Amino acid sequence: MNTLNTAKTQLKEALENAFKSAIKNGELIDAQIPQFIIEEPADRKNGDLATNAAMAGARVFRTAPVKIAQAITNNLELEGTYFEKFEIAGPGFINFFYSGDFYASVLNDVLSEKESYGSSDFGKGEKVMVEFVSANPTGPMHMGNARGGALGDCLAAVLDRAGYDAYREFYVNDAGNQIEKFASSLEARYLQLYKDGIEFPEDGYQGADITDLAKEYADEFGDKLVDASEADRKKALVDFALPKNIAKMQSDMAKYKIHYDNWFFESVLHNSGEVKAVVDLLTEKGLTYEKEGAIWYKNKEVCTELLLKEGKTQDYIDKLELKDDVLIRQNGNPTYFTADIAYHKNKFDRGFKTLIDIWGADHHGHVMRMKGAMNAIGYDGDSLIVVLMQLVKLVSGGQVVKMSKRTGKAIQLGDLLEEVPVDSARFLFNTREANTQMDFDLDIAVQQDNQNPVYYVQYAHARICSILKNLKAEGINPREASAEELRLLTQPEELELINHIAEFSDEIISAAKEYDPTRITRYVTKTATLFHKFYNACRVKCGDDSLTQARLSLCLAVKTVIKNVLLMFNIDCPESM
């Protein structure tokens, strides 16, 4: 049961009935009841819910909103609802105030539903794929991957809670140009161990990890590849190094508490013929042409059509300077874009209704052409949702940190997880929306005090556990409080906290609809803040058994909500700190 939604439904029906009665008795002219909204006022002092029904009806009923509000309230019946009173405010707003039954019902919801509280069937079981991180396997994962990992994993968790069937996938780019570059880089570093004058490729991967992998191969197999053919040498080095890099990725993700449903390899698309098939499909649709020995995709034509349908002007489109894309290079090799079209087609073909990709902001130009390509091959480009993620900077002592203290090299995901508790990293990376730049403060991340947001939330949970433990030692144990006892919770701090708890399910649904899990970290942080505010204002053990039990019920409800969020985000929920 969702008491908040029930209350809104009751209010909507009561307002519609009041309109009908006012029309019937002649207070309003006979006209169609207007569409109106019911929302929470910015300031709770003005009511728990408010409606613009009177303003919405001004044109229909051809009278002043205040008079319409009076007609509505003259005929308003609130008996049997979660509301005890109302008032007309300003130009005709009608504000409503909850009765004690509302607050009692919210607490009963939480205490009866326990670990399932906050869940809903909003998503109707729709299959959704969240593809995130998908780092290039030719090198170590970096800070952007740390942020993308936390955002993607927690978004999938939110979608599951909101009633979707979320599936986590990591796309491994184990084919194409980057693997060629990886092979050439490894080959050069390997040969440099045995020969002088070996030049390193101008566009090669310069990282120390390439040198380390070449040395590892040499330590295990010696100089056996020195006299091998270039093709055999590169293949042997990639076959040796790539699995190690992928294993390190999987290990880092597991350490980060991220467990994928699938690691999908790009090479599968090439080996199965799916990449070639997508080129053939675009050709059949008249969307390719040959030029200078390459096969091109009519991206400009497709995206122009897409933008015109969205209502954009031709002048706007011209300023974008759209260009066509190469699908097959002169050497016969497909581009990354071609494989990406085939990959997204593969996702849809596996039955996923919505595809969510977490990409770095530097990929913003790729969004429209990928949506357009999906439309071009017969799928719904609007079902591809791309969450663009801005850069993250590591700071310590107010200064940007670029090198690891441990290695003296650029900070990698593995380095971060050795210095920062995993729970802290997962929570902190989910405190800022993906589309905003972020400073990740290493000093705060390692602190075990209220400056660290995850510690602050975990401490609220531990504090409740301590309250329960201490009262138990005094012979006071929580029991099921009656509705009458729960109605004793009338202090502002109590009501504010219960109102916040009531919003949990809706908050999860909003986070799912907006593809923004950071809403939930903010929600649970506020939950902790409101609990501490309540605790400081209201003694749980107060000398009145009924009120004590009501406040214990509130404590248990808050404990449940905090625990549900932390476990949903795969963060520890300690009972003592």
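These numbers come from the heavy atoms of this one structure, side chains and all, not from hydrogens, waters or symmetry mates. Values in this document were obtained by computation on a predicted structure and should not be read as measured data.
Salt-bridge check for Asp545 with Arg479: passed, with a basic side-chain N closer than 4.0 Å to an acidic carboxylate O.
Formation of a donor-acceptor pair under 3.5 Å by the Asp43 side chain with backbone atoms of Asn46 is not found in this model. Asp160 places a side-chain N or O within 3.5 Å of a backbone atom of Ala166 that can act as its donor or acceptor partner. The backbone N or O of Thr521 lies less than 3.5 Å from no partner atom in the side chain of Asn430, so there is not a single donor-acceptor pair.
Counting only N and O atoms by type, the side chains of Thr81 and Gln10 include no donor and acceptor under 3.5 Å apart.
Taking the six-membered ring where the residue is Trp, Phe19 and Phe61 present parallel rings, their angle staying beneath 30° rather than reaching 60°.
Around atom NZ of Lys469, no more than 12 heavy atoms belonging to other residues, nucleotides or ligands sit under 6.0 Å away. For CD of Glu514, the number of neighbouring non-hydrogen atoms (other residues, nucleotides, ligands) closer than 6.0 Å is greater than 12. Within 6.0 Å of CD in Glu474 there are more than 12 heavy atoms belonging to other residues, nucleotides or ligands. By the neighbour-count criterion of 12 heavy atoms within 6.0 Å, atom NZ of Lys114 is sparsely surrounded, having that number or fewer from other residues, nucleotides or ligands. Within a 6.0 Å sphere centred on CZ of Arg539, heavy atoms belonging to other residues, nucleotides or ligands number 12 at most.
Taking both residues in full, the closest heavy atoms of Phe102 and Leu4 are given as CE1-CA, 4.0 Å, listed atom of the first, atom of the second, then distance.
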What's the verdict on side-chain hydrogen bond (donor to acceptor under 3.5 Å, both in side chains) for Ser396 and Gln399, showing C-alpha distance, side-chain angles and the deciding distance? CA-CA 5 Å; Ser396 179; Gln399 301 295 316; over 6 Å; no

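To the nearest 0.5 angstrom, Ile498 atom CD1 is 4.5 Å from Leu107 atom CG.
Put simply, the side chain of Phe429 reaches to within 4.5 Å of the side chain of Met438, judged on heavy atoms. Contact of the Arg551 side chain with the Gln491 side chain is registered, since non-hydrogen atoms from C-beta on lie closer than 4.5 Å.
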